[in-house]
Every structure is written in C-alpha cells, then in structure tokens.
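Quick notes on the structure that follows.
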Amino acid sequence: MLDLKFIRENPDLVRRAIRDKKAPDHLDELLGLDSRRRAVIGEAEALKHERNVVSQQIADAKKAGREAADAIVAMRAVSERAQSLDIQLREIEEQILHWQLRIPNVPHPDCPVGDESQNREVRSWGRKPALAFTPAPHWELGQKLGIYDGVAGTTVAGSGFFVLRGAGARMQRALINFMIERHVANEYVEHRLPYLVTAKTMQGTGQLPKLAEDMYHIESDDLWLIPTAEVPLTNLRAGSVLPAGSLPLRSVAYTPCFRREAGAAGKDTRGMMRVHQFDKVELVKIVEPETAESELETLTADAEAILQALELPYRVRLLATGDLSFAGAKCYDLEVYATGVDAWLEVSSCSMFTDFQSRRMDLRVRPKDGGKPYHPHTLNGSALALPRTMIAIWENYQTDKGSIRVPEVLIPYMGGLEEIA
RNA sequence: GGAGAGGUGGCCGAGUCGGCUUAAGGCAGCUGCCUGCUAAGCAGUUAGUGGGGAAACCCGCUCCCGGGUUCGAAUCCCGGCCUCUCCGCCA
C-alpha cells in the first residue's frame, strides 16, 4: 500500500494512479479520515499527558501519606474521555486502513497510459515455425498421443482441470527441473513452499482484498490456496526487519497455482490454456530501492532465457497503466507464440512493486550506518508458467506424423527421449 | 487432539505487595578518554512507531496480540496467536 503521508502530500498523483488503473476513487474519504484522525490524536494525547502527570502526583502523594481523592476523581473523568477518544480513533484508523488497502500502486512513468490496447511491444525473439502442414492444437495432439486427458480431469475435479500422462507428465516435470536449475545457476535460491496461506499473507502481496473472488478459500481453517508462488515467496520474512546487508534476496520456487477464473468462462478455455490449477516456476527478488529498475530488466532477461533455450518465439510487452496489476508499478509480459492455436500466450509477467508490497507486509531493512529501517523493493516474474509453455512446445515442435519432437535442452531431462510418438 | 511450561530491548536475562521500570544487570555495537602489556580500564551512548514543530525539541503509544479492571498495569483478569517438552494420532 501507499504511505499515508505520501498520499496526503501527493493527492493529485494518487488520484491519477487510481484513474489510470481504473480503481474506484475513494481518495476524498481517505483524506477526510486522515485529517480527522490527526485532530482526534491531538486531543487524546493531551488528555493522556495530563493523566500521566497527575497519576505521578497521586503516586507521590500516597507515598508521602497524603490523600489524593480529589485528583483521583478528576482523573476518572479525564481517563474516560481519553478512552472514548481512543475508541473513535480506532474506528477511524480501521476505515483508513480499509481504503488504504484499496488504493493501487502508482504506475512508473515509463508505462504507457491507457487500456491494454496501449500495451507496447518492446522486443521480440525468434520466428514463428514454418510448418508444411496445418498444425494441430495441443489438445488434439496430446489426446492422440495419450499424454493429455481433459476428460479425466473433468471426471475427478470438474471443468477447468486436466490430466497429463506418460511423456506429457514427464515433460512437465522435465521443464520444472530445467527451469529451476537454470535459475539456481543464476544465484536464485530454491524454495519449497506452503500452498495454503493466511489472509494476512494474501494481503501482504496485494491479492486481498481485491481478488478474493478469484481465489479458493478453505473455510474450515480460513486458509487460501495460492494463485502464484509469489505470495508465499515474497512474504517469507513479513513483519520483520532484515539485518543490514541482507539484500538482494533472489528466490525461485516451483508451485502449483490455483485460480477460480471467475468470470473468465468461455475465454481461451480449450485445452490447457486457462485452467483452475497449473504449475509455475516463479522468481522473486527483494532488493535495494535504487537497484529495482535494473533488477527488473535482469529478471525479465532470466525469464526470457528460458524461452530462448527452448527455442520458442516470443514477444515482450510493456503493460499500459490500465493493464497493470493492482500492486504493480511496471510490468513486462512475455507472450509465447503457439502455432496450433495461432495465438500469443502469456507465459510470464515480470513486475516491480516498488515498496508497495513491503509496506503492506511490514518488511523492512536496517540501514548499514544506523538510521531508520526502510522498506525494500520487491519484484517477481514467472519463469515460466508451465502449461502454456508446454502448449507452445507441443504445437511448435509437432511433426507431420503427429508426433512431438523434444526440444534439445530438455532431452537430458527426459531420459534421452527425443520424440514423443 | 490431551497434559504441562513459556513468550520482556540486537542477544542473554531480572522485574518484589500494580505507581520511583522503556524497562535493572550482563553481552554485543558505537563515541570519547586513558593505558606498553590489549579476548584490559573509565565515561558516555545505542529501539520502533504515531502526533506537533522550520529546527532544537516536546508529547502519545509499544514488555507476543486483542479486550477488561484501575486515577495508574510488563506486573491482576479474560480471549487469541506462537514456541518448547511429554503423550496420543498420522504419510
């Protein structure tokens, strides 16, 4: 979230961010509450000061063996008044937090202003495959080869779930291993993480309160299924002050991701393109504020390196303000081209969040030379989302015989298998 | 799930019948001073957060969290969370 003081001092900037991100505008309520809060604090603290002084006098009087009944009676009234102001204050602060949690991060000036039509392609890599036959979509390929089973997924879990089998399952596992090992070689520390997290954790990275409808909630234990490894991975040190010199922290984790996809019915739903559960390898960085922008570039490059190694054509798009996530300040989407569905599929979003998330999750770092602890900057990016990456592999590496060649770099991870037939 | 113990400052650790404890003492750190015997001595200093102020500085809050009792709570009462030990259960 944004610092209250920052909001107070930059209302125009914040209002523009709200508008550019198409968020509901409750800035005036918030600013009104903020000034009320400060008025109440002033009054309450004056009373508390009086109470403290007089209580001390009462203590001194009693020690000297004198009576202090008058002062006690007087302080009873003061204390009651202070208490009722405290109750008011608590209510005001609850409301402030309520709105504060709903104000989006301010987009970086690099971001094009506007809706998704303003997303700007910043570069592309590779060529669309030139096949001498009509390419099949992945669900046809997978079904014929017996490596993809949509029906079985529906049987056990309902629509939006799928099953991989044999070489299909193995390729998924190979991709996960391949990606993690590449990132570990780039000094990301591998993690295994909880897939269920508390509401507080969801709030820390910004999924709650806004995205409650898009996530699975376990009512009996009030836990939430993670929609991305970003959530647990970024929150690992929430609520703490890191020792000086802790940064940068670079982490990688593979987790399944769970998304209700409420309201997305009928859109890109064939095959594995949009499902309720998918695997993903995620990168998270926690860095010094000054280095955040260059860390975003290297993070994006690390994700791109996977696509390049797999020889999959892709394009990089800088998201416009209206397409940015709630917490994001700047974001590159990586879209891989899949020839069977003839579409650019989003396989990664690489974002920087400035101090928006670290403030929400109360993560700070102690400065080297004393002074106040400060909020580090956080970043994350998928590298990569699995099903869509695999869709691109199946479709782009398909042969006229209906088989799928295994990308060179994956062969060692597939036990030497070169073709799925 | 059952029984017990416990949660105090960067760390260890005290806190008596509620007031003189933001908090003793020790360690670590920092700053001076001193010293030829140095894994030494002396003095001072070292939290976070909120409000006010141009600033110096003043004030509030914080002894796991939230309530309560009280003029006043680290200290008493209630609820919650977490940690540890033992038992049970379990992949």
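Just the heavy atoms: all of them, side chains too, but no hydrogens, waters or symmetry mates, feed the values below. Letters go in sequence order (proteins before strands), and every chain restarts at 1.
Comparing rC71(B), rU49(B), rG67(B) by their closest approach to the side chain of R90(A) singles out rG67(B). Nearest to the side-chain atoms of K5(A) among the listed nucleotides rG48(B), rG51(B), rC71(B) stands rG51(B). Side-chain proximity of K48(A) to the nucleotides rG72(B), rU49(B), rG60(B) is greatest for rG60(B). Taking only side-chain atoms of H49(A), from C-beta outward, the nucleotide of rG67(B), rG72(B), rC59(B) with the closest atom is rC59(B). With rG72(B), rU49(B), rG19(B) as the candidates, the nucleotide lying closest to the side chain of Q56(A) is rG19(B).
Inter-residue side-chain proximity for F356(A) and L2(A) is flagged as met; some heavy-atom pair is nearer than 4.5 Å. Using a 4.5 Å heavy-atom threshold, the side chains of L208(A) and W224(A) count as touching.
If you measure from atom NZ of K62(A) to atom P of rC20(B), you get 14 Å, rounded to the nearest angstrom. If you measure from atom CD1 of I58(A) to atom C1' of rG18(B), you get 14 Å, rounded to the nearest angstrom. Atom pair R37(A):CZ and rG50(B):P shows a separation of 8 Å (rounding to whole Å applied). D86(A) has its CG atom 13 Å from the C1' atom of rU62(B), to the nearest Å. In this structure, K200(A) atom NZ and rG80(B) atom P are separated by 18 Å, rounded to whole Å. The separation between D222(A) atom CG and rG80(B) atom P is 16 Å, rounded to whole Å. Atom CD of E93(A) and atom C1' of rG60(B) are 12 Å apart (whole Å). With rounding to whole Å, N52(A) atom CG is found 15 Å from rC71(B) atom P.
Within the 4.0 angstrom heavy-atom criterion, no nucleotide atom of any strand lies near D60(A). Nucleic acid contact class of I41(A) (heavy atoms, under 4.0 Å, all strands): sugar-phosphate only. Heavy atoms of R8(A) sit under 4.0 angstrom from primed sugar atoms or phosphate atoms, though from no base atom.
A donor-acceptor pair under 3.5 Å is absent between the side-chain atoms of K330(A) and the main chain of C111(A), judged by distance alone.
When the C1' atom is compared between rC63(B) and rC58(B), the two are found 24 Å apart, to the nearest whole Å. rG68(B) and rG15(B) have their C1' atoms separated by 23 Å, with the value rounded to a whole Å.
Donor-acceptor pairing under 3.5 Å, judged by distance alone, is present between the side chain of E45(A) and the base of rG50(B).
For the pair R38(A) and rG51(B), the criterion of a side-chain N or O lying under 4.0 Å from OP1 or OP2 is not met. Contact annotation: K372(A) side-chain N/O to rU49(B) OP1/OP2 distance is under 4.0 Å. Neither OP1 nor OP2 of rU70(B) sits under 4.0 Å from any side-chain N or O of S79(A).
In this structure, E213(A) places its CD atom where only 12 or fewer heavy-atom neighbours from other residues, nucleotides or ligands lie under 6.0 Å away. Under a cut-off of 6.0 angstrom, the local environment of CD in E288(A) is crowded, with over 12 non-hydrogen atoms contributed by other residues, nucleotides or ligands.
E282(A) and K280(A) are joined by a salt bridge, as a carboxylate oxygen and a charged side-chain nitrogen come within less than 4.0 angstrom of each other.
With the nearest nucleotide of RNA chain B identified for both I87(A) and V54(A), I87(A) has the one nearer the 5' end. Take the nearest nucleotide of RNA chain B for A44(A) and for D3(A): the residue whose nucleotide is more 5' is D3(A).
Nucleotide rG10(B): paired with rC27(B) (Watson-Crick or G-U wobble, both distances less than 3.5 Å).
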